[in-house]
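Everything quoted here is computed from the prediction, not taken from an experiment. Residue numbers begin at 1 in each chain, while the letters A, B, ... track the order of the sequences.
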Amino acid sequence: EAGVTQFPSHSVIEKGQTVTLRCDPISGHDNLYWYRRVMGKEIKFLLHFVKESKQDESGMPNNRFLAERTGGTYSTLKVQPAELEDSGVYFCASSQEVKTGSTDTQYFGPGTRLTVL
Amino acid sequence: RKEVEQDPGPFNVPEGATVAFNCTYSNSASQSFFWYRQDCRKEPKLLMSVYSSGNEDGRFTAQLNRASQYISLLIRDSKLSDSATYLCVVNSGDTGNQFYFGTGTSLTVIP
């Protein structure tokens with residue numbers, strides 16, 4: 001079974017430019033999460049999709065970040081315009097259906113390493 | 001206050017040693033607990049879930065103390081391949097299914 005895949009693996013852009021990250025979850029997983037790790041800090045939650053709906057976007061830093069999951073399959077995370085502090089590793093994770101009172105294991109993709117110059 | 005606190009280490013231990021990692025969490029509503037392993041420049045991978053009764057998987061033993069909001073991981077007979085960063089992960093409980101991560105504890109097993 002294919003795991004979570006992310007594209008690109010690395011991206012180097014200049015401040016003010018736009019970057020779009022893509023995540024393909026494990027087939028059949030309804031839940032898709034985006035996380036970010038800024039250098040020296042812990043991995044932090046950005047948002048959670050259940051199928052195509054945003055379940056929780058409380059971790060999104062500001063309105064320069066836009067996540068979509070049209071059709072409930074792959075997801076994109078766009079940063080526009082990028083700022084220096086957006087540099088870090090962006091991880092995507094997916095899990096199967098979440099039932100009330102339980103938590104499914106989240107499987108992580110390899111991450112996209114974003115560098116904003 | 002951080003949601004999950006871990007000692008970042010580093011822990012440098014000889015092969016065959018036993019090593020223990022601890023973490024504490026702040027949200028008493030958290031329901032699920034995990035240890036993930038992360039190799040350098042790789043994604044986090046699930047090592048084991050942590051249950052209230054404690055659980056063991058080979059050389060690895062995880063314990064949960066809900067009253068103290070404390071989680072532990074014990075590694076026996078350390079192997080060189082155990083060298084990695086170990087992440088303590090706690091779910092958000094009532095507020096949803098997001099994960100809260102500790103900063104990770106770095107382990108190096110020395111020949």
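Side-chain contact annotation: B/Thr24 with B/Gln69, donor-acceptor N/O pair under 3.5 Å absent.
Atom OH of A/Tyr107 sits in a sparse spot, with 12 or fewer heavy atoms from other residues, nucleotides or ligands closer than 6.0 Å.
Put simply, the residue from A/Trp34, A/Tyr90, A/Tyr35 that forms a ring pair (Phe, Tyr, Trp, His ring centres under 6.0 Å) with A/Phe108 is A/Tyr35.
Contact count versus chain A (heavy atoms, under 4.5 Å) is highest, among B/Leu87, B/Val89, B/Thr103, for B/Thr103.
A/Phe91 and A/Gly109 get closest at one heavy-atom pair: CD2-O, 3.5 Å.
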Q. Given the rule in the side chain to side chain contact (heavy atoms under 4.5 Å, CB included) test, do B/Asn55 and B/Asp57 qualify, once you have shown the distances and angles that lead to the verdict?
A. CA-CA 7 Å; B/Asn55 49 301; B/Asp57 182 3; over 6 Å; no

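Using a 4.5 Å heavy-atom cutoff, the side chains of A/Tyr33 and B/Phe99 are not in contact.
Of residues 35-46 of chain B, those residues with a non-hydrogen atom less than 4.5 Å from any non-hydrogen atom of chain A are, in numerical order, B/Tyr36, B/Gln38, B/Arg41, B/Lys42, B/Glu43, B/Pro44, B/Leu46.
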